[in-house]
2 protein chains.
Amino acid sequence: MSESYKEEIRDLTLFANMDEANYRALMRGAYVQNFPPRIDLIHENEPPDFLHVVLSGSVDLFSAWNGRETSMATVRPVSTFILAASVRNLPYLMSARTLEKSRIALIPSQDVRAVFSEDSAFAQAIVAELAQCYRAVVKNTKDLKLRTSLERLANYLLRQQDRTGSLEFDLTMEKRRLASFLGMTPENLSRAFKGLEPYGVKVAQNHIVITDLEDLTRYAKPNPLIDDYSA
Amino acid sequence: MSESYKEEIRDLTLFANMDEANYRALMRGAYVQNFPPRIDLIHENEPPDFLHVVLSGSVDLFSAWNGRETSMATVRPVSTFILAASVRNLPYLMSARTLEKSRIALIPSQDVRAVFSEDSAFAQAIVAELAQCYRAVVKNTKDLKLRTSLERLANYLLRQQDRTGSLEFDLTMEKRRLASFLGMTPENLSRAFKGLEPYGVKVAQNHIVITDLEDLTRYAKPNPLIDDYSA
DNA sequence: AGACCCACTTGATAAATGTCAAGTGATCGA
DNA sequence: TCGATCACTTGACATTTATCAAGTGGGTCT
């Protein structure tokens with residue numbers, strides 16, 4: 001791996017405070033790779049050979065059962081995926097594919113496990129990352145079980161509004177994938193967008209305009225314990 | 001806290017390998033308490049004052065939004081809950097109440113954070129526990145998104161069958177709570193039990209008899225990446 | 001420009017799930 | 001033993017969501 005990559009990765013929260021020698025050891029077997037869009041990176045049930053770190057682009061985590069498939073999460077820079085599988089050395093629970101052109105660092109899981117048992121700062125960072133991931137999935141479960149699909153879409157749009165800081169934004173993924181992520185069919189997502197029109201949501205292709213933020217918020221009833229992905 | 005409790009807790013995976021002095025420090029502010037059934041232990045959105053360890057009995061984790069409530073998980077001995085909130089010092093995402101008479105150890109979160117940054121063995125144990133919790137929630141999400149309610153019930157029964165090692169067993173919680181956990185209404189749970197009769201499931205009160213394990217398994221299509229809560 | 005492709009949309013219909021109200025049956029205390 | 005309570009069940013119905021089939025409309029390639 002090139003030195004410039006090594007420095008870029010070094011700055012990630014996960015590695016920032018760890019011992020230099022341990023970091024070097026971790027990077028020895030690691031490499032960075034560029035992937036085109038829609039490339040399968042890993043498949044569920046495989047052994048966790050590498051910890052993946054998304055440096056740029058975005059990655060879709062999804063899962064299948066009995067001929068059905070669902071999108072579980074989108075991983076954006078800069079964060080890891082399949083950390084839990086890596087540290088426990090257990091098979092992946094989800095598959096991953098790039099959504100767009102993406103740069104991804106691959107670090108041998110074996111090295112992650114070896115170093116994390118030696119390096120206290122690294123172990124702490126892993127704990128923080130895992131706890132964060134855990135809380136994100138719990139929030140997602142609450143979203144799924146406590147809300148209707150229309151409410152889920154409304155709150156999703158509010159989160160995007162908050163993330164971009166603008167009342168106008170483009171959807172960051174295909175609608176079909178968004179539908180799957182929100183736990184509904186593409187057909188119903190179309191209807192759901194229509195259903196939010198009365199609350200001040202305008203949709204044209206991938207472009208969303210929120211014309212009445214207050215009204216939408218009143219309908220969506222966002223809650224930090226479900227929608228605040230930073231805590 | 002009494003010495004006998006301290007030894008009991010010492011043997012938990014989470015604490016087994018940590019340094020004795022650190023363990024003593026952790027136990028200094030800790031205590032064990034007995035709770036009757038149906039007692040609220042914590043409420044979502046509160047600051048994480050204590051890490052809880054279920055020593056006996058069982059605890060229901062649940063959450064509410066906009067007047068609706070859902071059961072998220074059942075914690076059984078010997079494991080912790082709200083570990084993620086404790087280590088990140090962020091508000092609880094879920095509430096907790098005892099299902100039955102339960103003995104629970106409470107360890108000040110502040111001490112957990114202090115000790116885990118000092119004690120590498122403890123940090124490692126926390127990582128293992130968090131990773132386990134994360135994977136459990138991911139499995140639960142897959143269950144919810146990829147299966148119908150009838151399939152969820154069928155697989156739930158198979159997991160109970162596996163857990164007890166017997167084709168006959170009693171449900172470990174009220175049906176209304178089971179319904180909530182499986183993401184359906186009590187009324188639909190009743191109908192779902194009827195719907196599984198053709199696949200060899202007999203229900204009388206809380207007692208379940210599986211008369212045709214093969215048939216039920218063929219219908220439920222259990223999958224270790226969803227149903228195996230030990231990995 | 002024209003033809004095609006592909007995602008998305010729309011409408012009709014079916015299936016799954018939730019709601020409401022009434023009923024059943026087990027349990028427990030007087 | 002009687003009655004009351006409470007969880008659960010049942011039936012009728014409403015709502016939500018999924019499915020299937022037929023459009024629509026960008027975008028792209030030639």
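Naming convention: chains lettered A, B, ... in sequence-line order (proteins, then strands); numbering from 1 in each chain.
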Inset, instruction - Any chance you could lay out the salt bridge (charged side-chain N to carboxylate O under 4.0 Å, His left out) test for Arg159(A) and Asp162(A), step after step, and finish with the verdict? - result: CA-CA 5 Å; Arg159(A) 292 198 297 270; Asp162(A) 189 66; over 6 Å; no
Residue pair [X] / [Y]: nearest heavy atoms and the distance that separates them:
{"X": "Arg76(A)", "Y": "Ser58(A)", "answer": "NH1-CB, 3.9 Å"}
{"X": "Leu189(A)", "Y": "Lys175(A)", "answer": "CD2-O, 3.2 Å"}
{"X": "Arg68(B)", "Y": "Thr148(A)", "answer": "NH1-N, 4.0 Å"}
{"X": "Pro222(A)", "Y": "Arg147(A)", "answer": "CA-NH2, 4.0 Å"}
{"X": "Ala85(A)", "Y": "Tyr92(A)", "answer": "CB-CD2, 3.9 Å"}
{"X": "Pro224(A)", "Y": "Lys139(A)", "answer": "O-CE, 4.1 Å"}

Nearest-Å distance, [atom1] ([X]) to [atom2] ([N])?
{"X": "Phe193(A)", "N": "dC8(C)", "atom1": "CZ", "atom2": "P", "value": "10 Å"}
{"X": "Leu99(B)", "N": "dA7(D)", "atom1": "CG", "atom2": "C1'", "value": "16 Å"}
{"X": "Glu197(A)", "N": "dT10(C)", "atom1": "CD", "atom2": "C1'", "value": "14 Å"}
{"X": "Gln205(A)", "N": "dG27(D)", "atom1": "CD", "atom2": "P", "value": "6 Å"}
{"X": "His207(B)", "N": "dA7(D)", "atom1": "NE2", "atom2": "P", "value": "22 Å"}
{"X": "Asn206(A)", "N": "dC6(C)", "atom1": "CG", "atom2": "P", "value": "18 Å"}
{"X": "Leu189(A)", "N": "dA18(D)", "atom1": "CG", "atom2": "P", "value": "11 Å"}

Inset, instruction - Answer whether the closest heavy-atom distance between the side chains of Ile82(A) and His52(A) falls below 4.5 Å. - result: yes
Legend entry - Closest to side chain of Glu187(B), choosing from dT9(C), dT19(C), dA26(C):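 The listed nucleotide nearest to Glu187(B)'s side chain is dT19(C).
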Inset, instruction - Just say parallel, tilted or perpendicular for the rings of Tyr199(B) and Tyr219(B), cut-offs at 30° and 60°. - result: parallel
Legend entry - Members of residues 138-154 of chain A that approach DNA chain C, where some heavy atom sits under 4.0 Å away: none
Inset, instruction - For Arg191(B) and for Arg191(A), locate the closest nucleotide of DNA chain D by heavy-atom distance; then report the residue assigned to the nucleotide nearer the 5' terminus. - result: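 The residue whose closest nucleotide sits nearer the 5' end is Arg191(B).
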Inset, instruction - For DNA chain D, find the residues of residues 170-185 of chain A with a heavy-atom distance under 4.0 Å and give them by number; none if there aren't any. - result: Gly183(A), Met184(A), Thr185(A)
Inset, instruction - Could you tell me whether the phosphate oxygens of dG18(C), OP1 or OP2, come under 4.0 Å of any side-chain nitrogen or oxygen in Asn188(B)? - result: yes
